[in-house]
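Below is one structure, written out as structure tokens, with a few remarks after it.
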Amino acid sequence: MQSLKHTTFEQPEATKLAFENDGGVIIDNFISAEVAAKIHTAFVAALEDEPWCNIEDTDRVLGNKFFGLTTKRLHGVAQYDPEIINCLTQKCFVQFARHYLGEKIIMSTGELMAIGASEVRQALHRDGDSWYRAGISSNILVSANIALTPFHQSNGATVVVPGSHLWDRDRQPENHELAFAEMNPGSALLYNGQVLHGGGANSTDTTRIGLYFGYIPAWLRPIENTTKTLPEDFLNSLPSQTQKLLGYCSSGFDVVL
Ligand SMILES: O=C(O)CCC(=O)C(=O)O
């Protein structure tokens, strides 16, 4: 089995080295354990209301073989607690994403990812494949999965294949090439859009919860349409730079014909 390196944002060179070599690195104390607990609490009611994806409901497209069946996903996450915006706009995270994606970046999506008891391992995949058809050869995604509960191999810690962002696309990993993003609440897995990874199997009776953010270059179309997932009043209340990070800004065809 492989392991992922742990660094902090106070060690920028070690962080970049691990990210570039392995395609993923764990940032210890990305936020404090107290802030992680506060954010976790903010999601409790919404998570309870949200059904598991294994319900029989043909209107729901989320519960499928890719996402899993004993998982819950929430979007529009920024509105749940002001600390979430602080995570997203955290200087070190934004600077890190800019280093790889260019000066102008936006959030592609924010997602609460809960993996419930008895969930099986998700298929390994590359998140950058969301834009696969665009045929872009460079990495266009820097993601963070912040642990809001402990992440262990046994309860669904994200499975990562270190180095696979540099592999030929059809190379499949052997079991000994997998690593588990084991971390404490408040720590985060930072990973490259080309690295193979997936939600882990949860053999415990607890739910593992991660808060995901992905940054992309501003010229790329994000996955999440924040004007649909976040209330307009909330978006209007944010500082303009935060609005821009969330892709909420007026642009587009503005020529008067
Ligand atoms: O929850 C996780 O650890 C990762 C989930 C994931 O990679 C996905 O759903 O695309």
Side-chain angles (χ1 to χ4, degrees), residues 1-4 6 19 22-27 30 36 39-40 43 46-47 50 52-54 60-77 84 87 107-132 139-162 164-165 172-173 177-204 206-216 222-224 229:
M1 212 208 315
Q2 302 292 311
S3 59
L4 290 163
H6 285 244
F19 184 81
D22 295 342
V25 57
I26 292 171
I27 307 290
F30 183 92
I39 295 175
H40 183 192
F43 282 113
L47 268 179
E50 183 73 11
W52 295 104
C53 284
N54 55 8
R60 291 181 58 86
V61 289
L62 203 53
N64 63 26
K65 280 191 182 147
F66 176 72
F67 287 104
L69 297 176
T70 316
T71 185
K72 296 186 184 191
R73 309 293 175 113
L74 297 178
H75 295 93
V77 294
I84 296 170
C87 292
M107 186 188 82
S108 171
T109 187
E111 184 170 312
L112 193 80
M113 305 197 290
I115 296 186
S118 306
E119 179 60 296
V120 297
R121 197 179 90 194
Q122 187 183 34
L124 297 173
H125 58 279
R126 296 178 161 94
D127 283 348
D129 283 355
S130 297
W131 298 270
Y132 180 61
N139 176 44
I140 42 164
L141 179 65
V142 171
S143 298
N145 190 2
I146 308 168
L148 299 186
T149 60
F151 274 38
H152 296 301
Q153 180 174 347
S154 60
N155 76 351
T158 312
V159 180
V160 181
V161 187
S164 57
H165 58 307
Q172 296 300 317
E177 293 174 298
L178 308 182
F180 294 86
E182 296 198 301
M183 51 188 172
N184 296 322
S187 296
L189 167 68
L190 241 59
Y191 58 108
N192 175 307
Q194 293 305 314
V195 78
L196 281 169
H197 71 284
N202 187 347
S203 60
T204 71
T206 58
T207 299
R208 187 232 72 179
I209 302 174
L211 178 61
Y212 170 92
F213 293 115
Y215 270 131
I216 54 173
I223 291 173
E224 179 174 345
T229 58

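Both counts, for ligands and for their atoms, begin at 1 and track the order of listing.
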Residue pair R73 / T71, side-chain donor-acceptor N/O under 3.5 Å: yes
Salt bridge (Lys or Arg N to Asp or Glu O under 4.0 Å) pairs, two or more places apart, involving residues 112-124: none
Atom-level proximity to ligand 1, residues with heavy atom under 4.0 Å: F66, R73, M113, I115, Q122, H125, D127, N145, T158, H197, G199, R208
Salt-bridge present (K72, E50; N to O < 4.0 Å): no
Residue pair N192 / F19, side-chain heavy-atom distance below 4.5 Å: yes
I39 and C87, any side-chain heavy atoms less than 4.5 Å apart: yes
Check: S143/Y212 side-chain N/O donor and acceptor closer than 3.5 Å: yes
